[in-house]
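Taking it in order: structure first as structure tokens, then the write-up.
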Number of protein chains: 2
Amino acid sequence: MAKDLDPDSMHCNCPVTTTLEILGGRWKPIILYCLQDGPVRFNALKRMIPGITQRMLTLSLRELETDGLILRHVREVVPPHVDYAMSPLGDSLRPVLHAMNEWGAYYRTQTTPQKARSDAA
Amino acid sequence: MAKDLDPDSMHCNCPVTTTLEILGGRWKPIILYCLQDGPVRFNALKRMIPGITQRMLTLSLRELETDGLILRHVREVVPPHVDYAMSPLGDSLRPVLHAMNEWGAYYRTQTTPQKARSDAA
DNA sequence: CTGAATCCTGACCGATACTG
DNA sequence: CAGTATCGGTCAGGATTCAG
């Protein structure tokens, strides 16, 4: 089976899905969130996001860059210096991130205080 | 899906992540989108979403119901009749969905037509 | 009509080690 | 400091079949 996996043509043309594809995965929204206040260096990012591995940080950063949401700035000095910043396109995502943040917080207040549902296991 | 979310464990308590967990997956946002105009029956939903399998529709519906975003109404008649509708909580998600929809559409206009990251592997 | 059960594949993700 | 390489585990999701 060849790759007919064209998200735009396969299932419906829902832009919501496009958005989900882009900030899908476990770390991307958090990374974006960390970059909202200005450029951040690789290791700083790693420290800001407890639990992320170098591999996942690198991969996520690469994808965000490929999707045009962030900018990667390399300064060729003896101790390598790379920082990441929101691009204008990434910046346009902020209201969305904000909305998701608000709703996530609201959702937690609305669920029964007896922990959520799925940890019954 | 959302497994144990041990606050002690790792990833941060970011509400954005909560939101992503809930409407993560490939079909949930589309389903929610389809329910925005009123209750829809199982098979109708299946027809509205080309490409979805019965399994995924059932599973997604169950999770959305468990998360309190939709309501499931069973009418016990000879040909089983089940319809799904947005709950108030699900309704509160609409602005978020709308924001994501807007941004996804905007993103497509801003990106070079040769998007290829999905199947560049 | 609605949905459960089973099997299978690949994507996503984590740990660790190595490099310029 | 900022990555890359390799290995492997877990799980979402797809195909198919069975059932009420």
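Just so it is clear, the structure is predicted and the values come from calculations on it, not from any experiment. A note on names: the letters A, B, ... follow the listed sequences, proteins ahead of strands, and every chain is numbered from 1.
Following rounding to the nearest Å, Leu59(B) (CG) and dC11(D) (C1') show an atom-to-atom distance of 12 Å. Following rounding to the nearest Å, Arg41(A) (CZ) and dG3(D) (P) show an atom-to-atom distance of 10 Å. Here the P atom of nucleotide dC1(C) and the CG atom of Asp83(B) are 15 Å apart, to the nearest Å. Per the geometry, CD1 belonging to Ile22(A) stands 14 Å off P belonging to dC12(C), to the nearest Å. Here dT16(D) presents its P atom at 16 Å from CE of Met56(B), a figure rounded to the nearest Å. The distance from atom NZ of Lys46(A) to atom P of dC1(D) is 9 Å, rounded to the nearest whole Å. Regarding His81(A), its NE2 atom lies at a distance of 18 Å from the C1' atom of dG20(C), rounded to whole Å. Atom CD1 of Ile49(B) is separated from atom C1' of dG13(D) by 15 Å (rounded to the nearest Å).
Using a 4.0 Å heavy-atom criterion, one finds that Arg72(B) contacts the sugar-phosphate atoms exclusively. At a threshold of 4.0 angstrom between heavy atoms, the contacts of Arg62(B) are confined to the sugar-phosphate backbone, with no base atom among them. When heavy atoms are screened at a 4.0 angstrom cut-off, Gly24(B) is found touching no nucleic acid atom at all.
Just one residue in the list Arg108(A), Gln110(A), Glu102(A) forms a side chain to side chain contact (heavy atoms under 4.5 Å, CB included) with Tyr106(A), and that residue is Gln110(A). Screening Ile31(B), Val82(B), Thr66(B) for a side chain to side chain contact (heavy atoms under 4.5 Å, CB included) with Leu61(B), the sole residue that qualifies is Ile31(B).
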Could you go through nucleotides 5-8 of chain C and list every protein N or O atom that sits under 3.5 Å from one of its N or O atoms, giving the distance for each pair?
residue : atom : partner  : partner atom : Å
dT6(C)  : O4   : Arg55(B) : NH1          : 3.1

Test log, rule side chain to side chain contact (heavy atoms under 4.5 Å, CB included), inputs Met100(B) and Trp103(B): CA-CA 5 Å; Met100(B) 292 175 68; Trp103(B) 188 85; 5.9 Å; no
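Of the side-chain N and O atoms in Tyr84(A), one or more sit less than 4.0 angstrom from OP1 or OP2 of dG3(D). Phosphate contact (OP1/OP2 of dG14(C), side-chain N/O of Arg26(A), threshold under 4.0 Å): present.
In this structure a side-chain-to-backbone donor-acceptor pair under 3.5 Å is missing from Ser60(A) to Lys28(A). Side-chain atoms of Thr19(B) come within 3.5 Å of backbone atoms of Gly104(A) as a donor-acceptor pair (strictly under, hydrogens ignored).
Side-chain atoms of Thr58(B) lie closest to dA4(C) of the nucleotides dA2(D), dA4(C), dG3(D). Relative to the side chain of Val82(A), the nucleotides dA2(D), dG3(C), dG14(D) differ in distance, and dA2(D) lies closest. Nearest nucleotide to the side chain of Gln54(A), out of dT4(D), dG13(D), dC1(C): dT4(D).
You'll find the side chain of Trp27(B) stays beyond 4.5 Å of the side chain of Leu57(B), heavy atoms only. Considering only heavy atoms from C-beta on, Ile30(B) stays 4.5 Å or farther from Val16(A) through its side chain.
Residues forming a salt bridge (Lys or Arg N to Asp or Glu O under 4.0 Å) with Arg94(A) (at least two apart in sequence, or on another chain): Asp91(A).
Both Ile52(A) and Pro80(B) lie close to DNA chain C; mapped to their nearest nucleotides by heavy-atom distance, the more 5′-ward contact belongs to Pro80(B). Mapping Leu61(B) and Gly25(A) onto DNA chain C by nearest heavy atom places Leu61(B) at the nucleotide closer to the 5' end.
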